[in-house]
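Just the heavy atoms: all of them, side chains too, but no hydrogens, waters or symmetry mates, feed the values below.
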Amino acid sequence: MAEAAGYKAQFLCSGLWNGNKTVADIEADELSGIYPHIDPIVPGLKAEIDEAAHQVSVSFAEDMPPRVARHNPVTGCTSMPIGWTNDGRRLPGEALERAPAGSLDDRPWPMGDADASDPRVMMITPFDTLIESAFDAKAFGGKTSGVVIVHKGRIVQERYKQGHDLHTAQRTWSVAKSIAGTYVGFVRQKGFTIPETPIREWNVPGDPRRAITVDNLLRMGSGLESDSPGNRTDAVYMGAGEVRQWTTQWPMLHRPGSTFRYANNDILLATLAARDAAPDLHPHQMFDAIGMTRTWAETDWQGNYILSSQVWTTARDMARMGLLYLNDGMWDGQRILPAGWRDYVTKPSGPQPDGPFGYGASFWLMNRSEGVPADAFAAFGNRGQYLVVIPSRDLVIVRRGYDKAGDQFDIARFTAEVLKQIR
């Protein structure tokens with residue numbers, strides 16, 4: 001019950017004040033088709049929304065205090081531990097400063113939203129029909145909420161489901177892992193050095209985890225144990241657990257770099273390492289540098305970023321990140337990522353995952369996908385969040401959705417079909 005209440009409080013909070021959505025839309029999209037063990041519980045839990053304080057409280061037991069999520073304009077919503085009381089002190093995210101969301105909207109694309117579309121292709125064409133079919137579950141599967149296609153730097157297709165538009169933010173889920181890998185590059189480009197033993201809790205004589213590097217973490221090759229297959233990290237996502245406390249405790253079972261195991265903890269640890277190296281350099285500074293002003297990287301209540309999943313962003317902001325990689329880390333004449341960072345994150349190293357996609361350093365590789373160039377790489381997230389980047393075709397594909405388990409959007413086939421329409 002407590003997990004279900006925490007989940008509902010967090011998603012209502014983020015959906016209202018990051019996503020700018022209605023309660024009805026949040027209930028229909030974010031709070032349906034969710035984890036089976038909380039899916040039947042969430043609808044019956046009572047939520048109280050404090051518009052003035054930007055806070056959501058969800059009750060789950062008569063003898064227990066409610067689960068609470070608080071919003072701030074810099075890092076979005078924070079889930080508070082059970083029994084937390086507001087004594088007037090600000091949370092870490094509430095002490096940060098940032099320009100208001102949309103403050104760059106009037107700037108030309110891609111820094112802003114002005115003059116973003118290529119007028120030569122915004123017409124009824126076979127391409128237009130293809131994009132419309134992305135919203136038909138019978139065509140590609142899933143429940144699509146938005147599609148943005150950027151070719152040669154301009155938007156050539158853009159569609160949203162009813163109730164969404166270019167400024168509607170959704171949770172990225174595991175697309176955040178690729179954002180975390182980008183943030184590590186941003187920290188390095190700013191001149192900060194992440195030590196070879198990146199996690200301070202492990203930097204003691206005799207701890208074998210001293211051998212785990214940030215590269216191992218970004219490649220899902222830490223060799224660490226975790227609590228569940230796939231490492232869902234429910235204690236952090238739904239229980240207001242602290243990232244540092246939760247992720248640094250696990251023992252090592254395999255030599256670093258010898259196995260591939262997709263794990264939230266590896267990315268959370270890589271983010272901790274980057275933050276320890278550059279305490280005053282935050283993800284929102286990277287976002288704002290490339291016009292992603294409607295993107296929020298959320299934290300635990302101690303200020304640690306949950307960059308394995310908990311980022312909210314718009315389809316256009318995801319496209320901006322894709323453009324950053326198309327330009328090999330350059331933006332408006334400024335270097336945001338180290339030279340060659342795109343090659344680094346897309347180079348497979350060591351064991352690879354089973355299945356249709358390879359893995360680099362926080363990005364998936366689409367070099368096994370039929371009809372897709374070998375240099376295509378992507379960020380994938382639960383419920384159908386996809387960012388595909390194809391440098392050889394100067395192309396970025398963004399697809400957002402609310403897919404349910406067993407009904408996933410076929411991003412490889414959709415990408416191949418888009419490529420047939422691009423010249």
Side-chain angles (χ1 to χ4, degrees), residues 7-8 10-35 39 42 76-77 101-102 113 116-117 122 127-150 155-176 178-179 292-296 298 309-322 378-389 396-415 417-418:
Y7 189 97
K8 185 167 188 174
Q10 183 73 35
F11 273 87
L12 278 173
C13 179
S14 299
L16 284 167
W17 297 303
N18 295 343
N20 197 30
K21 299 183 66 177
T22 66
V23 171
D25 280 345
I26 296 166
E27 291 174 342
D29 296 332
E30 277 87 8
L31 296 179
S32 68
I34 57 179
Y35 298 128
D39 191 35
V42 164
C77 287
D113 287 327
S117 301
M122 302 302 287
F127 197 1
D128 187 89
T129 302
L130 170 65
I131 302 307
E132 290 295 337
S133 72
F135 292 80
D136 181 356
K138 295 179 181 178
F140 293 98
K143 180 183 176 182
T144 299
S145 57
V147 174
V148 175
I149 312 292
V150 181
I155 296 176
V156 296
Q157 290 288 339
E158 183 173 28
R159 299 286 189 281
Y160 298 98
K161 85 176 189 75
Q162 185 176 1
H164 284 50
D165 62 21
L166 73 166
H167 293 152
T168 302
Q170 294 178 231
R171 181 161 161 156
T172 64
W173 295 93
S174 287
V175 167
S178 302
I179 294 173
M292 294 175 65
T293 63
R294 286 186 173 84
T295 300
W296 294 266
E298 295 183 330
S309 177
Q310 219 157 298
V311 176
W312 284 68
T313 191
T314 66
R316 281 197 175 191
D317 275 5
M318 275 177 61
R320 289 180 171 99
M321 195 176 86
F380 294 164
N382 189 28
R383 307 209 66 181
Q385 319 313 315
Y386 299 106
L387 166 63
V388 178
V389 183
V396 173
I397 300 171
V398 174
R399 187 270 185 179
R400 309 302 306 273
Y402 299 105
D403 300 352
K404 297 181 179 180
D407 182 23
Q408 300 295 310
F409 188 82
D410 190 339
I411 188 59
R413 187 164 65 86
F414 180 70
T415 298
E417 292 299 319
V418 169

With a sphere of 6.0 Å drawn around CG of Asn382, does it hold more than 12 non-hydrogen atoms of other residues, nucleotides or ligands?
yes

Going by heavy atoms in the side chains, are Val175 and Val311 under 4.5 Å from each other?
no

Checking Lys8 side chain against Val42 main chain: does a donor-acceptor pair fall under 3.5 Å?
yes

By ring-ring contact (aromatic ring centres under 6.0 Å, His included), Phe409 pairs with (sequence neighbours left out) Phe140, Phe414

Just how far is it from atom CG of Leu130 to atom CD of Glu417, taken to the nearest 0.5 Å?
6.5 Å

Tightest non-hydrogen contact, residues Asp39 and Gly33, listed as OD1-N, 3.8 Å

Would Asp407 and Lys143 pass as an ion pair if we require N to O under 4.0 Å?
no

Taking all non-hydrogen atoms of both residues, which atom of Val148 and which atom of Ala315 are closest, and how far apart?
CG2-CB, 3.7 Å

Ignoring hydrogens, what is the shortest heavy-atom contact between Val147 and Thr144? Give both atom names and the distance.
CG2-CG2, 3.9 Å

Between the main-chain N or O of Thr313 and the side-chain N or O of Arg294, is there a donor-acceptor pair closer than 3.5 Å?
no

Do the side chain of Thr293 and the main chain of Gly102 share a donor and acceptor less than 3.5 angstrom apart?
yes

Spacing of CD belonging to Gln385 relative to CH2 belonging to Trp173, to within rounding of 0.5 Å
9.0 Å

Tyr160 versus Leu166: any side-chain heavy-atom pair under 4.5 Å?
yes

Starting at CG of Leu387, measure out to CD1 of Ile411 and round the result to the nearest 0.5 Å.
9.5 Å

NZ-OG distance between Lys404 and Ser32, expressed to the nearest 0.5 angstrom:
5.0 Å

Between the side chain of Arg171 and the main-chain N/O of Glu30, is any donor-acceptor distance below 3.5 Å?
no

Leu31 vs Leu12 side-chain heavy atoms within contact, under 4.5 Å
yes

Donor-acceptor under 3.5 Å (Gln170 side chain, Gly401 main chain)
yes

Could you tell me which non-hydrogen atom of Gly384 sits nearest to which non-hydrogen atom of Arg399, and how far apart they are?
O-NH1, 2.9 Å

Distance check, rounded to the nearest 0.5 Å: Phe11 atom CZ versus Ile34 atom CD1?
8.0 Å

Atom NZ of residue position Lys161 - does it have more than 12 heavy atoms of other residues, nucleotides or ligands inside 6.0 Å?
yes

Would you name the heavy atoms of Ser178 and Ala379 that are closest together and state the gap between them?
OG-CB, 3.2 Å

Taking the side chain as every heavy atom from C-beta outward, state whether Thr295 and Met321 have any atom pair closer than 4.5 Å.
no

Residues forming a ring-ring contact (aromatic ring centres under 6.0 Å, His included) with Phe135, sequence neighbours excluded
none

Glu158/Arg316 salt bridge by N-O under 4.0 Å criterion:
yes

Do the side-chain N and O atoms of Glu298 and Ser14 include a donor-acceptor pair separated by under 3.5 angstrom?
yes

Output all residues satisfying ring-ring contact (aromatic ring centres under 6.0 Å, His included) with His164, sequence neighbours left out; order by chain, then residue number.
Tyr402

Atom of Asp317, atom of Arg320 and distance for their closest heavy-atom approach
OD1-NH1, 2.7 Å

Is it true that a side-chain atom of Gln408 and a backbone atom of Gly141 form a donor plus acceptor pair closer than 3.5 Å?
no

Quick one: CG on Asp165 to OG on Ser145, what's the gap to the nearest 0.5 Å?
11.5 Å

Would you check if Asp113 and His167 make a side-chain contact, meaning some heavy-atom pair closer than 4.5 Å?
yes

